[in-house]
Number of protein chains: 2
Amino acid sequence: MSTLLNSLTTELRRGTLTLAVLSQLRTPQYGYSLVQLLEQCGISIEQSTLYPLLRRLEKQELVTSSWDTTESRPRRYYVLTPYGIEIYQQLKKEWEKTSQELSLLLKGEDNE
Amino acid sequence: MSTLLNSLTTELRRGTLTLAVLSQLRTPQYGYSLVQLLEQCGISIEQSTLYPLLRRLEKQELVTSSWDTTESRPRRYYVLTPYGIEIYQQLKKEWEKTSQELSLLLKGEDNE
DNA sequence: ACTTTATACTATGCATCATACACTATTGTT
DNA sequence: AACAATAGTGTATGATGCATAGTATAAAGT
């Protein structure tokens with residue numbers, strides 16, 4: 001893939017990562033599990049992208065986190081706050097709207 | 001709309017503007033007409049956002065531009081280059097892929 | 001003993017978008 | 001004739017998020 005296409009795709013993905021992560025935090029998850037969960041769904045995300053994102057979300061009070069030290073390895077679990085749930089649902093609506101609008105624009109002569 | 005939701009939505013839109021603009025430049029358009037064309041489709045874009053975008057696209061050789069001075073008001077028309085068409089189609093595919101993946105993630109308990 | 005997996009995290013730079021401007025010429029209205 | 005509104009093209013600056021490239025540790029597997 002050309003570097004140009006690559007950077008355009010990056011920009012296109014931007015913001016969707018947040019939405020994807022929020023969607024998975026309705027049930028508690030820790031960073032590492034999130035990476036794999038999303039990978040399974042075809043969305044690859046680097047840890048070095050995810051952790052700062054989680055930090056942001058926590059700062060914005062969309063998620064809360066807590067350490068679980070009962071297992072052999074300590075894990076920090078993240079989960080949506082009520083406010084986070086609300087924002088998630090609104091953001092989801094926004095995405096559906098944008099998605100539909102774009103579908104309309106892109107429809108038409110599909111010459112392959 | 002809260003400022004947080006606003007900024008999240010902005011991020012979500014990011015990159016989609018490029019795709020939207022590219023999709024309209026299969027036929028020649030000038031800046032002002034593009035704004036209105038997209039507006040009709042529900043996508044609002046400020047001129048001060050569009051013009052720098054067009055500049056970028058031209059620099060990346062995805063579009064070319066030329067002045068039309070035959071009308072009463074001079075207009076600068078933009079249109080896709082062959083390379084631009086190619087990139088557009090690939091980017092479109094990327095979007096469709098991402099879009100589908102996200103649909104999957106967002107599906108599920110729609111408690112309204 | 002060595003390597004891989006699991007797990008968490010930081011720092012820096014680049015690109016895009018929003019916001020706020022500046023500018024001109026034509027059309028429409030009073 | 002004066003004025004406002006529309007049509008039209010642009011620039012500068014700042015905020016922000018993602019990618020890239022790292023650091024670090026402990027458990028499990030060989």
Side-chain angles (χ1 to χ4, degrees), chain A residues 1 3-22 28-39 43-60 62-63 65-78 91 94 98, chain B residues 1 3-22 28-39 43-60 62-63 65-78 91 94 98:
Chain A
M1 188 151 65
T3 43
L4 176 54
L5 184 56
N6 230 319
S7 66
L8 290 173
T9 303
T10 294
E11 288 304 317
L12 203 52
R13 270 168 48 100
R14 207 160 164 155
T16 64
L17 284 181
T18 301
L19 187 53
V21 166
L22 288 179
Q29 301 286 338
Y30 54 99
Y32 196 82
S33 69
L34 264 175
V35 171
Q36 301 197 309
L37 203 55
L38 292 175
E39 199 81 40
I43 297 177
S44 80
I45 180 172
E46 293 295 318
Q47 296 179 344
S48 47
T49 296
L50 179 62
Y51 285 110
L53 171 56
L54 289 172
R55 287 306 167 93
R56 271 197 306 280
L57 295 178
E58 191 166 18
K59 198 172 174 188
Q60 294 163 345
L62 300 179
V63 310
S65 70
S66 55
W67 283 98
D68 179 358
T69 52
T70 61
E71 301 291 333
S72 60
R73 301 177 189 212
R75 292 162 176 166
R76 186 196 278 258
Y77 277 86
Y78 297 86
L91 193 58
E94 288 295 329
T98 303
Chain B
M1 187 149 66
T3 44
L4 176 54
L5 184 56
N6 229 319
S7 67
L8 290 173
T9 304
T10 294
E11 287 305 316
L12 203 52
R13 269 167 51 99
R14 204 161 164 158
T16 63
L17 284 181
T18 301
L19 186 54
V21 166
L22 288 179
Q29 301 286 339
Y30 54 98
Y32 196 82
S33 70
L34 264 175
V35 171
Q36 302 195 309
L37 204 55
L38 294 175
E39 198 82 39
I43 296 176
S44 79
I45 181 172
E46 292 295 318
Q47 295 179 344
S48 48
T49 297
L50 178 62
Y51 285 111
L53 172 55
L54 288 172
R55 289 305 169 94
R56 271 199 303 280
L57 294 179
E58 190 166 18
K59 197 171 174 187
Q60 293 161 346
L62 300 179
V63 310
S65 69
S66 55
W67 284 97
D68 179 359
T69 51
T70 60
E71 301 292 330
S72 59
R73 299 172 191 219
R75 294 162 175 164
R76 188 196 278 257
Y77 277 84
Y78 298 85
L91 193 58
E94 288 295 329
T98 303

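Proteins come first, then strands; the chains are lettered A, B, ... in the order of their sequence lines, and each starts at number 1.
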In the structure I gave you, are the side-chain heavy atoms of L12(B) and T98(A) within less than 4.5 Å of one another anywhere?
no
Protein-proximity profile, nucleotides 8-13 of chain D, B/S/- by nucleotide at the 4.0 Å heavy-atom cutoff, equals BBBB--
May I ask you to check whether E94(B) and T9(A) show a side-chain donor-acceptor distance below 3.5 Å?
no
Would you name the heavy atoms of [X] and [Y] that are closest together and state the gap between them?
X      : Y      : result
P52(B) : Q47(B) : CD-O, 4.1 Å
Y30(A) : R76(A) : CB-O, 3.1 Å
Y51(B) : G31(B) : OH-CA, 3.8 Å
I43(B) : A20(B) : CD1-CB, 4.1 Å

What's the [atom1]-[atom2] distance between [X] and [N], to the nearest Å?
X      : N       : atom1 : atom2 : result
L54(A) : dT7(C)  : CG    : C1'   : 13 Å
D68(B) : dA25(C) : CG    : P     : 18 Å
L12(B) : dA18(C) : CG    : P     : 12 Å
L53(A) : dG17(D) : CG    : P     : 9 Å
E11(B) : dA19(D) : CD    : P     : 12 Å
E71(B) : dA25(C) : CD    : C1'   : 15 Å
L50(A) : dA8(C)  : CG    : C1'   : 11 Å
L17(A) : dT16(D) : CG    : P     : 18 Å

Tell me whether the side-chain N/O atoms of T10(A) come closer than 4.0 Å to OP1 or OP2 in dG17(D).
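It does not, given that no N or O in the side chain of T10(A) lies less than 4.0 Å from OP1 or OP2 of dG17(D).
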So, is R13(B) near the phosphate of dC17(C), with a side-chain N or O under 4.0 Å from OP1 or OP2?
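Answer no for this pair, as no side-chain N or O of R13(B) is under 4.0 Å from OP1 or OP2.
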